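So the structure is just underneath, and the comments pick up after that.
Because only heavy atoms are used, hydrogens play no part in the values below, and waters and symmetry mates are left out as well, while side chains stay in. One-based numbering along the sequence shown. Every value quoted in this text rests on a predicted model; they were computed, and no experiment measured them.
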Amino acid sequence: MQQRTKQVVAVTSIVILMGFLLAQPIKGLVNEEKAGAAAGANAGPQITLESVSQQAKQGLNASIIKEISDIEVQLQRAADSEKASVLQQLATKWDDVNRPAPLGFVYEELAKLDDQFDHWLKAGDAYRAAYTNLQDTLMARALNGYAINAYEKALERNAASLDAKTGLGSAYVSGTNNPMAGISLLQEVVKADPNHVEANKSLGLFSMQSRQFDRAIDRFKTVVSLQPDAESYFYLATSYENIGLKHEAIAAFEKSRDLAADPTLTQFINRKIDELSK
């Protein structure tokens with residue numbers, strides 16, 4: 001049930017993200033001077049675990065809110081030797097209800113207690129998931145800064161991690177004035193591992209954003225051959241559509257619809273297929 005909830009949240013946000021991507025060109029991809037790399041965690045409003053927790057609880061049922069609140073109270077009262085265990089419980093709860101913003105802060109707190117690569121990587125991944133599709137641009141910028149910091153910490157502890165390089169590269173492109181530094185990191189990842197799914201997906205999205213749809217098609221064809229999902233097929237279909245390959249676009253939209261099994265996305269895709277079939 002929890003996995004189904006996550007899937008519905010993910011697929012129903014695809015159309016919003018797609019519109020945003022194609023409306024906002026990537027800064028710096030063409031004729032822009034290099035600027036500072038990281039936006040920094042202070043680039044937006046000051047946000048804390050407490051503030052994002054209150055916001056993330058909105059829309060949850062009362063019993064889940066109580067479970068999370070009880071763990072938060074337990075955390076406040078926990079001895080230093082107990083805090084890591086309580087934070088792990090809190091992370092599990094936030095992950096179960098697909099609330100990545102507080103999850104990122106929890107993993108960062110864990111990393112401060114137990115300075116492990118894995119905690120920093122999970123913090124970065126959660127922050128990145130939180131700012132993706134976020135309508136509040138100031139908060140998104142702040143979370144992007146936190147993600148960059150977490151990924152940099154992760155790479156300090158494991159410089160060879162392709163997952164951390166992918167996250168950092170994606171965060172640079174999304175939220176700094178030096179996106180080419182991010183693109184370079186992502187290209188470094190796929191050079192080392194041509195089948196790295198997340199790096200290919202990120203490069204595909206950024207190719208779409210810069211309207212290089214032929215390159216996006218190559219990236220998403222790689223992704224769906226390795227790890228087919230509704231989102232990647234949707235982006236592949238949209239890329240085909242934008243260069244006029246209607247038959248290929250319809251086939252990819254149908255794959256996306258079948259994998260998503262989500263009424264909202266199904267209705268949208270059916271309309272797209274009708275338009276492309278004319």
Heavy-atom side-chain contact between [X] and [Y] under 4.5 Å:
{"X": "Ile68", "Y": "Lys57", "value": "yes"}
{"X": "Asp125", "Y": "Leu103", "value": "no"}
{"X": "Ile47", "Y": "Gln55", "value": "no"}
{"X": "Trp94", "Y": "Val106", "value": "yes"}

Do you know the tightest heavy-atom contact between [X] and [Y]?
{"X": "Ala147", "Y": "Tyr131", "result": "CB-CE2, 4.0 Å"}
{"X": "Ser202", "Y": "Thr166", "result": "OG-CG2, 4.5 Å"}
{"X": "Pro194", "Y": "Asn200", "result": "O-ND2, 2.9 Å"}
{"X": "Leu205", "Y": "Tyr235", "result": "CD2-CE1, 3.5 Å"}
{"X": "Ala199", "Y": "Val190", "result": "CB-CG1, 3.7 Å"}
{"X": "Ala56", "Y": "Pro102", "result": "CB-CG, 3.7 Å"}

Backbone of [Y] reached by a side-chain donor or acceptor of [X] within 3.5 Å:
{"X": "Ser210", "Y": "Ser207", "value": "yes"}
{"X": "Asn144", "Y": "Ala140", "value": "no"}
{"X": "Ser277", "Y": "Ile273", "value": "yes"}
{"X": "Asp229", "Y": "Leu259", "value": "no"}
{"X": "Ser51", "Y": "Thr48", "value": "yes"}
{"X": "Arg99", "Y": "Val97", "value": "yes"}
{"X": "Asp95", "Y": "Ala91", "value": "no"}
{"X": "Glu82", "Y": "Ala79", "value": "yes"}
{"X": "Thr238", "Y": "Phe234", "value": "yes"}

Open item on the list: Is there a path of hydrophobic side-chain contacts, each under 4.5 Å between heavy atoms, that joins Val189 and Leu121?
Closed with: no
- [ ] Find out if a path of hydrophobic residues (ILVMFWY) with successive side-chain heavy-atom gaps under 4.5 Å connects Leu162 to Val197.
- [x] no
Task: From NZ (Lys66) to CG (Leu60), nearest 0.5 Å - done: 15.0 Å
- [ ] Hey, could you give me the CD/CD distance between Gln74 and Glu72, rounded to the nearest 0.5 Å?
- [x] 11.0 Å
Pair [X] + [Y]: basic N to acidic O under 4.0 Å:
{"X": "Glu241", "Y": "Lys246", "value": "no"}
{"X": "Glu188", "Y": "Lys191", "value": "no"}
{"X": "Glu152", "Y": "Arg157", "value": "no"}
{"X": "Arg219", "Y": "Asp214", "value": "no"}
{"X": "Lys278", "Y": "Asp274", "value": "no"}
{"X": "Asp80", "Y": "Lys83", "value": "yes"}
{"X": "Glu275", "Y": "Arg271", "value": "no"}

TODO: List for me each residue that meets ring-ring contact (aromatic ring centres under 6.0 Å, His included) alongside Tyr127, sequence neighbours excluded, and say none if there are none.
DONE: Phe105, Tyr146
Open item on the list: What verdict does the side chain to side chain donor-acceptor pair (under 3.5 Å) test give for Trp120 and Asp115, after you've listed the backbone C-alpha separation in whole Å, the side-chain angles of each residue and the deciding distance to 0.1 Å?
Closed with: CA-CA 8 Å; Trp120 287 115; Asp115 191 6; 2.9 Å; yes
TODO: Run the numbers on Tyr233 and Phe253 for ring-ring contact (aromatic ring centres under 6.0 Å, His included), then give the verdict.
DONE: CA-CA 7 Å; Tyr233 267 114; Phe253 273 130; over 10 Å; no
TODO: Please list, chain by chain and in numerical order, all residues satisfying side-chain hydrogen bond (donor to acceptor under 3.5 Å, both in side chains) with Gln116, sequence neighbours excluded.
DONE: Asp114
